[in-house]
Amino acid sequence: MPTILVIDDNPAVATALEMLFALHDIDVVHAESPEAGLRRLQRGDIDLVVQDMNFTADTTSGEEGRALFAAIRDGWPDLPIILLTAWTQLEHAVELVKAGAADYIGKPWDDAKLVAAARNLIELHELQRESLRQRRATRRRREELRARFDLCGFVFEDVRSEQLLAMACKVARSALPVLISGPNGSGKERVAEIVHANSAVAAGPFVAVNCGALPAELIESELFGAEAGAYTGATRTRIGKFEAADGGTLFLDEIGTLPLDGQTRLLRALETGRFTRLGGTREHAVRVRVVSATNADLRGMVEAGTFREDLYYRLDGITLELAPLRDRRDDILPLARHFLGDAKSLGEATERALLRHDWPGNVRELRHVIQRACVIAEGDQLQPRHLQLPESPASPDPPEPDADSIRDALARHRGVIAQAAAELGLSRQALYRRMDRHGIERG
């Protein structure tokens, strides 16, 4: 049952409020002076304060109430406070609401309005406390993730990215092959580096091969090397990527682009750890951890006969799915600030423009846009025009939210700032600024 602390020197007021709130399953405790009220707050378990503004007989200035309010706000900044007085003064109301008071109600009060205000504030306070608990748990979890593992500078805030990184670090120590799926430019190679950095072969080399960039006639020599004289111009023996990665990790990017002949040679090397160089007869043995990546539907390619089924199962030991940037929107602004560095900052309108864009080119596109904007912008702050993003008539700037809209969004999303901000078309920092401006407590 929620508990309200009533700080009022009139016992009759406390009794009336206790009877009123009891009808609505809300407990009331009473303190007759500011000092007693502050002592009771020290014990905890208070969800809302209803405080008088005057405690000394024949006093109507409200100075005692303002001092008490300041003391409560200083010691318990997140606790909602309703100011209650028979001497309502508009200037006092405006002043204290700006300072963070939740409401200002005159005596005699309207029972229904007072109960509704109290219930709404208690519910919002609980949502904010739950949000705060969740944020603290998230912060602890991510601090532990960064402390335990090498994340190779991966910038993230979105929960989907966090889950992917946690899984990548978990599977890194296993010997199973890893397949990373995701669209172009989403950061698959960085995830492969994280798998390598936290694996048992982290001390060995990390060798990346873009299979899509290899001409068909050079695939065999690139992967397995070539002996001198193996082809025209081969004047000396050269080692391939498998030998270069011996004792470490071989990252095969865009594995779906390998032709069937190359897939056959690759499968044998993966299964046996042995291969021969092009033009050679002697077998070479290597110990290589293989991580592959694709933006293609390998299962569909298997069904279509363009990718070997046995190779697919050999590569697909553990699959890590990296979502496109548009589906991990909490990563957009942290990544933008990372690419921006300390030279310039993002304005609120620029943040909204970044969040509206769908980023078909993913992280690669975002990096390019920010780097280009830095060159174009002459001042210290990037403006939307500097981004040169296509206009989106279907997604105009949302209207400036008022205090009620912000409170409603927070309530709908149980105090989760990121979700409320997304609904309002704001960044989290912009929503915090508006909450402060309207005197809405942070969770």
Side-chain angles (χ1 to χ4, degrees), residues 2-21 24 26-42 44-129 402-404 406-407 410-411 435-443:
T3 301
I4 293 176
L5 172 61
V6 174
I7 309 176
D8 196 300
D9 61 332
N10 188 344
V13 170
T15 300
L17 291 177
E18 183 176 356
M19 294 174 62
L20 172 63
F21 286 117
H24 299 274
I26 300 174
D27 193 20
V28 171
V29 294
H30 177 221
E32 293 187 354
S33 68
E35 295 76 18
L38 293 173
R39 287 196 298 270
R40 179 59 184 83
L41 285 172
Q42 294 284 355
D45 301 325
I46 298 298
D47 299 288
L48 171 68
V49 172
V50 176
Q51 67 151 90
D52 195 9
M53 290 297 291
N54 298 290
F55 295 91
T56 303
D58 301 324
T59 299
T60 62
S61 67
E63 291 298 330
E64 295 170 308
R66 283 199 291 270
L68 173 60
F69 171 82
I72 297 174
R73 180 59 64 239
D74 184 56
W76 297 268
D78 300 325
L79 192 61
I81 302 170
I82 293 178
L83 306 173
L84 194 64
T85 181
W87 302 92
T88 55
Q89 295 175 328
L90 181 59
E91 61 270 22
H92 291 172
V94 172
E95 175 189 342
L96 294 180
V97 166
K98 285 183 177 180
D103 211 339
Y104 194 101
I105 296 177
K107 300 176 184 177
W109 58 81
D110 180 296
D111 285 354
K113 290 183 178 179
L114 178 57
V115 170
R119 290 179 69 90
N120 288 338
L121 289 169
I122 289 171
E123 181 179 355
L124 181 57
H125 185 223
E126 178 54 35
L127 292 176
Q128 291 172 336
R129 286 194 297 191
D402 57 19
D404 289 340
I406 292 173
R407 289 192 180 95
L410 288 169
M435 289 171 65
D436 292 341
R437 185 185 308 158
H438 291 297
I440 300 173
E441 294 298 321
R442 297 191 182 194

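As the structure is a prediction and not an experimental result, all values here were calculated from the model.
- The shortest side-chain heavy-atom distance between D78 and Q128 does not fall under the 4.5 Å cut-off.
- Applying the side-chain hydrogen bond (donor to acceptor under 3.5 Å, both in side chains) rule to D111 yields the partners W109; only residues at least two apart in sequence or on another chain are considered.
- Atom CG of L20 is separated from atom OG1 of T15 by 12.5 Å, given to the nearest 0.5 angstrom.
- In this structure, the side-chain hydrogen bond (donor to acceptor under 3.5 Å, both in side chains) partners of E126, at least two apart in sequence or on a different chain, are R129, R133.
- Under the side chain to side chain contact (heavy atoms under 4.5 Å, CB included) criterion, D404 pairs with D402, R407, sequence neighbours left out.
- Checked options L48, I122, I46; the residue passing with T3 is I46 (criterion: side-chain contact (heavy atoms from CB on, under 4.5 Å)).
- Here CD1 of I82 is found 7.0 Å from CD1 of I4. Values are rounded to the nearest 0.5 Å.
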Test D52 against E64 for side-chain contact (heavy atoms from CB on, under 4.5 Å), laying out the working first.
CA-CA 9 Å; D52 195 9; E64 295 170 308; over 6 Å; no
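- At distances below 3.5 Å, at least one donor-acceptor pair connects side-chain atoms of N120 with backbone N or O atoms of A116.
- V6 has its side chain out of reach of Q51: every pair of non-hydrogen atoms, C-beta onward, lies at least 4.5 Å apart.
- Between L410 and I440, some side-chain heavy-atom pair lies under the 4.5 Å cut-off.
- In this view, R73 and E441 satisfy the salt bridge (Lys or Arg N to Asp or Glu O under 4.0 Å) rule, not counting sequence neighbours.
- Among L84, V49, V50, the one residue that satisfies the side-chain contact (heavy atoms from CB on, under 4.5 Å) test with I7 is V49.
- Of the inter-residue distances, the one linking I81 atom CD1 with W76 atom CH2 reads 10.0 Å to the nearest 0.5 angstrom.
- You'll find the side chain of L17 reaches within 4.5 Å of the side chain of L114, heavy atoms only.
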Could you walk me through whether L38 and Q42 pass side-chain contact (heavy atoms from CB on, under 4.5 Å), step by step?
CA-CA 6 Å; L38 293 173; Q42 294 284 355; 5.9 Å; no
Scan the side chains in residues 26-33 for donor-acceptor partners under 3.5 Å anywhere in the protein, sequence neighbours excluded, and list what turns up.
from, atom 1, to, atom 2, distance (Å)
H30, NE2, D8, O, 2.7
S33, OG, E35, OE1, 3.4
S33, OG, A36, N, 3.1

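- Under the side chain to side chain contact (heavy atoms under 4.5 Å, CB included) criterion, D110 pairs with A112, K113, sequence neighbours left out.
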